[in-house]
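Owing to the predicted nature of the structure, the values given are computational and were not obtained by experimental measurement.
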Amino acid sequence: MTCDGFELKLGKTTVAQLENAGFSNYYSSLFEETKKIESMSSDVFYAKKDDLFYGYMFAVNKTASPIEFEKCVIREVTIYYDDPDYPFGEVLVNGVDFEGYTREEIKEAMGDREITMDTDTYLGFVSGDYNYVFTFADDSETLISLWAVAGFKQK
C-alpha cells in the first residue's frame, strides 16, 4: 500500500514510521500525554498529511506488555471514498487507486486473487496473508469504502 508515495506495509510499518514520513494522527489532539497500548490491543491512527487524509489505520500492540502507541504496527486500513468532509490523498493498494472503480474493474485489477465474498454490498478477496473488502452503496456500483488487513501468522 502506498500513501502519498510512502510505502506502508501492513503488519510491519509502525506509527513512528508514518510520523517520520510526515503523517500525523488527526485524533492526536485528543491525547495530551504519551499513550500506551495494552497487550494485544489496538487504537486508531487517522492518517493526515498536508490537509489530506489517507485512511483510518488500526495500530496494534502484538507484544505481551503495554507499549507506546508510536511502537504499534499498522495492521489494517479503511478508506471511505464517499466522505465529502475529508478529502483523500492518493492511496494505492497493490499499485491501484480504486477510487471510482466499478465491481468489474475491481475484479480485473485484483487479478487472480481469490474472491471470498461477492454480494450486492461487498466484494472480498484474499491474497496470502492479506484480506481486502470493497463496499458498495446499496443497489449500485458506487464504491464507498475499501478495507485492507494483514493477518498475523502464528509463530
Side-chain angles (χ1 to χ4, degrees), residues 1-101 105-106 109-117 122-136 143-155:
M1 175 172 289
T2 306
C3 301
D4 189 50
F6 174 75
E7 185 68 27
L8 184 147
K9 295 178 182 168
L10 292 177
K12 296 183 180 178
T13 300
T14 65
V15 170
Q17 289 170 314
L18 278 169
E19 291 174 334
N20 289 339
F23 294 91
S24 61
N25 188 355
Y26 181 71
Y27 293 123
S28 64
S29 62
L30 301 175
F31 313 116
E32 295 300 321
E33 70 280 344
T34 300
K35 185 174 178 178
K36 292 243 184 193
I37 304 299
E38 294 298 320
S39 172
M40 303 310 290
S41 296
S42 66
D43 206 343
V44 69
F45 182 90
Y46 191 26
K48 180 180 178 183
K49 184 177 183 183
D50 300 327
D51 294 325
L52 294 175
F53 293 88
Y54 294 87
Y56 289 92
M57 301 182 182
F58 290 88
V60 298
N61 172 5
K62 301 186 298 182
T63 71
S65 303
I67 61 171
E68 290 80 15
F69 182 59
E70 290 75 20
K71 293 180 181 177
C72 290
V73 173
I74 304 299
R75 179 178 183 233
E76 61 187 85
V77 175
T78 303
I79 301 165
Y80 294 101
Y81 296 110
D82 67 336
D83 191 340
D85 295 330
Y86 298 96
F88 267 82
E90 183 179 72
V91 178
L92 304 177
V93 178
N94 301 319
V96 178
D97 181 353
F98 285 100
E99 186 171 13
Y101 270 45
E105 290 170 328
I106 292 168
M110 293 300 283
D112 62 354
R113 291 173 182 87
E114 178 187 349
I115 295 176
T116 57
M117 177 176 18
Y122 301 104
L123 179 60
F125 296 86
V126 65
S127 178
D129 206 27
Y130 299 93
N131 291 302
Y132 308 90
V133 176
F134 298 85
T135 307
F136 299 89
L143 179 64
I144 57 173
S145 70
L146 163 61
W147 175 71
V149 63
F152 295 117
K153 295 179 181 174
Q154 301 262 335
K155 291 186 179 182

Checking Met117 against Phe125 for the side chain to side chain contact (heavy atoms under 4.5 Å, CB included) test, could you report, in this order, the C-alpha distance in whole Å, the side-chain angles of both residues, the deciding distance, and whether it holds? CA-CA 7 Å; Met117 177 176 18; Phe125 296 86; over 6 Å; no
Begin with the C-alpha distance, continue with both residues' side-chain angles, and end with the deciding distance and a verdict on side chain to side chain contact (heavy atoms under 4.5 Å, CB included) for Ile106 and Phe98. CA-CA 7 Å; Ile106 292 168; Phe98 285 100; 3.9 Å; yes
[Y] side chain reached by [X] side chain, heavy atoms, under 4.5 Å:
| X | Y | value |
| --- | --- | --- |
| Leu52 | Phe88 | no |
| Glu19 | Phe45 | yes |
| Tyr86 | Lys48 | no |
| Leu123 | Phe136 | yes |

Report yes or no: does [X] contribute a side-chain atom to a donor-acceptor pair with the main-chain N or O of [Y] at less than 3.5 Å?
| X | Y | answer |
| --- | --- | --- |
| Arg75 | Ala150 | yes |
| Thr2 | Gly5 | no |
| Lys49 | Ala21 | yes |
| Ser41 | Ile37 | no |

Considering all heavy atoms, the nearest [X]-[Y] contact:
| X | Y | result |
| --- | --- | --- |
| Gly11 | Lys62 | O-NZ, 3.9 Å |
| Asn131 | Val126 | OD1-CG2, 3.2 Å |
| Gln17 | Thr14 | OE1-N, 2.7 Å |
| Val77 | Gly55 | CG1-CA, 4.5 Å |
| Gly100 | Glu105 | O-OE1, 4.0 Å |

Verify whether the ring centers belonging to Tyr54 and Phe23 lie closer than 6.0 Å.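 Ring-ring flag for Tyr54/Phe23: true, centres closer than 6.0 Å.
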Verify whether the ring centers belonging to Tyr80 and Tyr56 lie closer than 6.0 Å. yes
Hey, could you give me the [atom1]/[atom2] distance between [X] and [Y], rounded to the nearest 0.5 Å?
| X | Y | atom1 | atom2 | value |
| --- | --- | --- | --- | --- |
| Tyr81 | Leu146 | OH | CG | 4.5 Å |
| Ile79 | Ile144 | CD1 | CD1 | 13.5 Å |
| Lys36 | Lys71 | NZ | NZ | 7.0 Å |
| Met1 | Glu76 | CE | CD | 10.5 Å |
| Ile74 | Phe58 | CD1 | CZ | 10.0 Å |
| Met57 | Ser42 | CE | OG | 14.5 Å |

Salt bridge (Lys or Arg N to Asp or Glu O under 4.0 Å): which pairs involve residues 81-91, sequence neighbours left out?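 Found none.
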Chi angles and distances behind the side chain to side chain donor-acceptor pair (under 3.5 Å) call for Tyr132, Asn94: CA-CA 11 Å; Tyr132 308 90; Asn94 301 319; 3.3 Å; yes
Name the orientation class of the two ring planes belonging to Phe53 and Tyr46 (parallel below 30°, tilted from 30 to 60°, perpendicular beyond 60°).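 Parallel: the ring planes of Phe53 and Tyr46 meet at under 30°.
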Sequence neighbours excluded, the answer for side-chain hydrogen bond (donor to acceptor under 3.5 Å, both in side chains) partners of Glu99 is none
Partner residues of Thr63 under the side-chain hydrogen bond (donor to acceptor under 3.5 Å, both in side chains) criterion, sequence neighbours left out: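 So Thr63 forms a side-chain hydrogen bond (donor to acceptor under 3.5 Å, both in side chains) with Asn61.
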Give the C-alpha distance, both sets of side-chain angles, the deciding distance and a yes or no for side chain to side chain contact (heavy atoms under 4.5 Å, CB included) between Thr135 and Leu143. CA-CA 6 Å; Thr135 307; Leu143 179 64; 5.7 Å; no
